[in-house]
Q: 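Just dropping this structure here.
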Amino acid sequence: MSGPDFKPQSDFLRVLLERGYVHQCSDFESLDTLAKAGSLVGYIGFDCTAKSLHVGSLVQIMLLYWLQQTGGKPIALMGGGTTRVGDPSGKDESRRLLSEAEIEANKEGLKATFSKFLTFREGRTDAIMADNAEWLLALNYVGFLREVGRHFSVNRMLTMDSVRLRLERDQELSFIEFNYMCLQAYDFVELWRRFGCALQMGGSDQWGNIVTGIDLGRRMGTAQLLALTTPLITTASGAKMGKTAAGAVWLNEDMLSAYEYWQFWRNTDDGDVGRFLKLFTRLPLDEIARLEKLAGAEVNEAKKILATEATALLHGVDKATAAADTARRTFEEGTTAETLPTVEIDAAQFAKGLGVLAAFVAAGLVASTSEARRQIKGGGLKVNDATVSDERQVLQSGDLTASGVVKLSLGRKRHVLLRPR
């Protein structure tokens, strides 16, 4: 860690420290020197466990973004190889092992997200998208044990949080998971050999794995490798970032619309607005300081700016502006904006009569008909802005607006248009 008098000379560390990205760093001075010289190459690994990352991964993506913006070279490492093993960090049980086809499909889904934040070309600071399957799948097991495995102490591995916590809770840890930190450490060495990568970044739960990679590099003759981790991002209420009552906040638009993404940020707790503006937007710090001073009803303007700026980073300015306009017309003018999230249903099914419970499930506003019933009892569901009081209500052609849709609402903030096709 740095001392209280440490003043970064590089733009990279200055930005990260000022905006609150840093939890731990193995050597601030060495990292600052590399970054100031314009020779810093850093990476973060992303396993291919789903077709999209969710907003809980966004702080890591922003580290790569700022690395490139301040003159460094970022590497987004796809875990095509490590996904076959499964990271035990923070887990109480083994992940389901995915097939090769599932991993490849997930990897393609992840790649699209990074192109929104990083520039991938051939220049000095242009990003690299690597895949550890390229070297991990080619390893000879006995050769790996001799060349790499001999440098690992099982005694030390047992003290790592990812292993220790699982064992303390009497949760089974498979041998394949136990090997994960070996493979992640080897990734660091391989990336240094191939690209001169001296920095690995990640969440605070990855500190032990990253430091293990630094130690392996020292034993295998690399230059001094470095670690930097971010704090665990939680909301003011103590909830884990990226989780809502409706589920994960996905980054891929085919899994969560730009409007719904905008709404997620608009619904930020008052106490999180300033911190999230620093972490998840490109706004200058003096502008953020001005927005942090807003109080009372005015804080809603800061939330709208947060929502629009964060959405613009991921989905582009046009879609962010459209989402803000949709919200304004829906909530401030009371009109039904045609750009609200829309779900199509079979016209024949609708003509015969669609039960209101099934309609809300089809719209994705509730997970089940039983949840819909609970919401009705609490007055939480509306059809065309009228509160649903009868769970046996049936939607028919007469419920369609002039635009040929039915507006379904859960509470005051979630709306979906149902359109027969």
Q: Kindly compute the distance separating OG1 (T70) from CG (L16), expressed to the nearest 0.5 Å.
A: 7.5 Å

Q: Got a sec: does the NZ of K111 have more than 12 other heavy atoms crowding it under 6.0 Å?
A: yes

Q: List the steps, then state whether side-chain contact (heavy atoms from CB on, under 4.5 Å) holds for R266 with N300.
A: CA-CA 8 Å; R266 170 61 180 84; N300 288 324; 3.6 Å; yes

Q: Please check if any side-chain donor atom of T82 sits under 3.5 Å from a side-chain acceptor atom of N132, or the reverse.
A: yes

Q: Looking at R290 and D286, does any basic side-chain N land under 4.0 Å from a carboxylate oxygen?
A: no

Q: Rounded to the nearest 0.5 Å, what separates atom CZ in R373 from atom CD1 in I376?
A: 8.0 Å

Q: Taking all atoms of both residues into account, what is the closest heavy-atom pair of L251 and S52, and its distance?
A: N-OG, 3.3 Å

Q: Please determine, by modelled atom types, if E371 and S368 share a side-chain donor-acceptor pair under 3.5 angstrom.
A: no

Q: Hydrogens and angles aside, do Q206 and Q200 bring a side-chain donor and acceptor to less than 3.5 Å of each other?
A: no

Q: Please list, chain by chain and in numerical order, all residues satisfying ring-ring contact (aromatic ring centres under 6.0 Å, His included) with F188, sequence neighbours excluded.
A: Y43

Q: Any side-chain heavy atom of L285 sitting closer than 4.5 Å to one from I288?
A: yes

Q: Report the residues that fulfil ring-ring contact (aromatic ring centres under 6.0 Å, His included) with H315, sequence neighbours left out, ordered by chain and then residue number.
A: Y261

Q: Of all the heavy-atom pairs spanning L410 and L381, show the shortest one and how long it is.
A: CD1-CD2, 3.5 Å

Q: Do D215 and R156 have side chains that approach each other closer than 4.5 Å (heavy atoms only, starting at C-beta)?
A: yes

Q: Between S409 and H415, what is the shortest heavy-atom contact and its length?
A: OG-ND1, 2.7 Å

Q: Applying side chain to side chain contact (heavy atoms under 4.5 Å, CB included), can you list everything that pairs with R121, at least two apart in sequence or on another chain?
A: T119, D126

Q: Grab the two heavy atoms, one from D47 and one from L110, that are nearest each other, plus how far apart they are.
A: O-CD1, 3.7 Å

Q: Run the side-chain contact (heavy atoms from CB on, under 4.5 Å) check on L34 and F12 step by step: do they pass?
A: CA-CA 10 Å; L34 278 178; F12 175 63; over 6 Å; no

Q: Suppose we screen for salt bridge (charged side-chain N to carboxylate O under 4.0 Å, His left out). Which residues come up paired with D346, at least two apart in sequence or across chains?
A: none

Q: With sequence neighbours excluded, what pairs up with E253 under the salt bridge (charged side-chain N to carboxylate O under 4.0 Å, His left out) test?
A: K319

Q: Who passes side chain to side chain contact (heavy atoms under 4.5 Å, CB included) against D32, sequence neighbours left out?
A: F6, P8, Q9, S10, L13

Q: About how many Å separate CG of L67 and CG of D11, when rounded to the nearest 0.5 Å?
A: 12.0 Å

Q: Going by heavy atoms in the side chains, are L136 and V85 under 4.5 Å from each other?
A: no

Q: Compute whether any side-chain donor of one residue and acceptor of the other, for N106 and T49, lie under 3.5 angstrom apart.
A: no

Q: Please list, chain by chain and in numerical order, all residues satisfying ring-ring contact (aromatic ring centres under 6.0 Å, His included) with F195, sequence neighbours excluded.
A: none

Q: Under a 4.0 Å N-O cut-off, is there an ion pair linking D254 with K51?
A: no

Q: About how many Å separate OH of Y186 and CD of E147, when rounded to the nearest 0.5 Å?
A: 5.5 Å

Q: Suppose the criterion is salt bridge (Lys or Arg N to Asp or Glu O under 4.0 Å): which pairs have a residue in residues 68-79, not counting sequence neighbours?
A: none

Q: Restricting to ring-ring contact (aromatic ring centres under 6.0 Å, His included), what partner residues turn up for F46, sequence neighbours left out?
A: F114

Q: Quick one: NE2 on H23 to CE on M201, what's the gap to the nearest 0.5 Å?
A: 16.0 Å

Q: With a 3.5 Å distance limit and no angle check, can you tell me whether S115 reaches the backbone of A112 through a side-chain donor-acceptor pair?
A: yes

Q: Without swapping roles, check the side chain of N252 against the backbone of M255 for a donor-acceptor pair under 3.5 Å.
A: no

Q: Go through it in stages, so that I can follow the logic: the residues are R414 and V416, the test is side-chain contact (heavy atoms from CB on, under 4.5 Å), and I'd like the CA-CA distance, side-chain angles, deciding distance and then a yes or no.
A: CA-CA 7 Å; R414 296 194 63 203; V416 171; 5.8 Å; no

Q: Measuring from atom OG1 of T235 to atom CZ of R275, what distance do you get when rounded to the nearest 0.5 angstrom?
A: 8.0 Å

Q: Are the side chain of R124 and the backbone of G38 linked by a donor-acceptor contact shorter than 3.5 Å?
A: yes

Q: For E260 and S257, indicate whether the former's side chain and the latter's backbone hold a donor-acceptor pair under 3.5 Å.
A: yes

Q: Nearest heavy-atom pair of L228 and I210: which atoms, and what distance?
A: O-CD1, 4.5 Å

Q: What closest approach, in Å, do L98 and C48 show between heavy atoms, and which atom pair accounts for it?
A: CD1-O, 3.6 Å

Q: So do the side chains of L314 and F117 get within less than 4.5 Å of each other, counting heavy atoms only?
A: yes

Q: Are Q224 and L226 packed together at the side-chain level, in the sense that at least one heavy-atom pair is separated by less than 4.5 angstrom?
A: yes

Q: Determine whether V343 and L408 make a side-chain contact, defined as any pair of heavy atoms from C-beta on separated by less than 4.5 Å.
A: no

Q: Report the C-alpha separation of L31 and L199 in whole Å, then their side-chain angles, then the decisive distance to 0.1 Å, and conclude whether the side-chain contact (heavy atoms from CB on, under 4.5 Å) test is met.
A: CA-CA 8 Å; L31 179 56; L199 172 66; 3.9 Å; yes

Q: Check salt bridge (charged side-chain N to carboxylate O under 4.0 Å, His left out) between R19 and all other residues, then give those that pass, not counting sequence neighbours.
A: none

Q: Is the shortest side-chain heavy-atom distance between R84 and I103 below 4.5 Å?
A: yes

Q: With sequence neighbours excluded, tell me which residues meet side chain to side chain contact (heavy atoms under 4.5 Å, CB included) with R194.
A: E134, W135, E190

Q: Please determine whether the number of non-hydrogen atoms from other residues, nucleotides or ligands lying under 6.0 Å from atom CD of E344 exceeds 12.
A: yes

Q: Heavy-atom distance under 4.5 Å between the side chains of E301 and K304, does that happen here?
A: yes

Q: Once side chain to side chain donor-acceptor pair (under 3.5 Å) is applied, do any residues pair with T230, and if so which ones, sequence neighbours excluded?
A: Q60

Q: Parallel, tilted or perpendicular: which fits the ring planes of F280 and W265, with parallel below 30° and perpendicular above 60°?
A: tilted

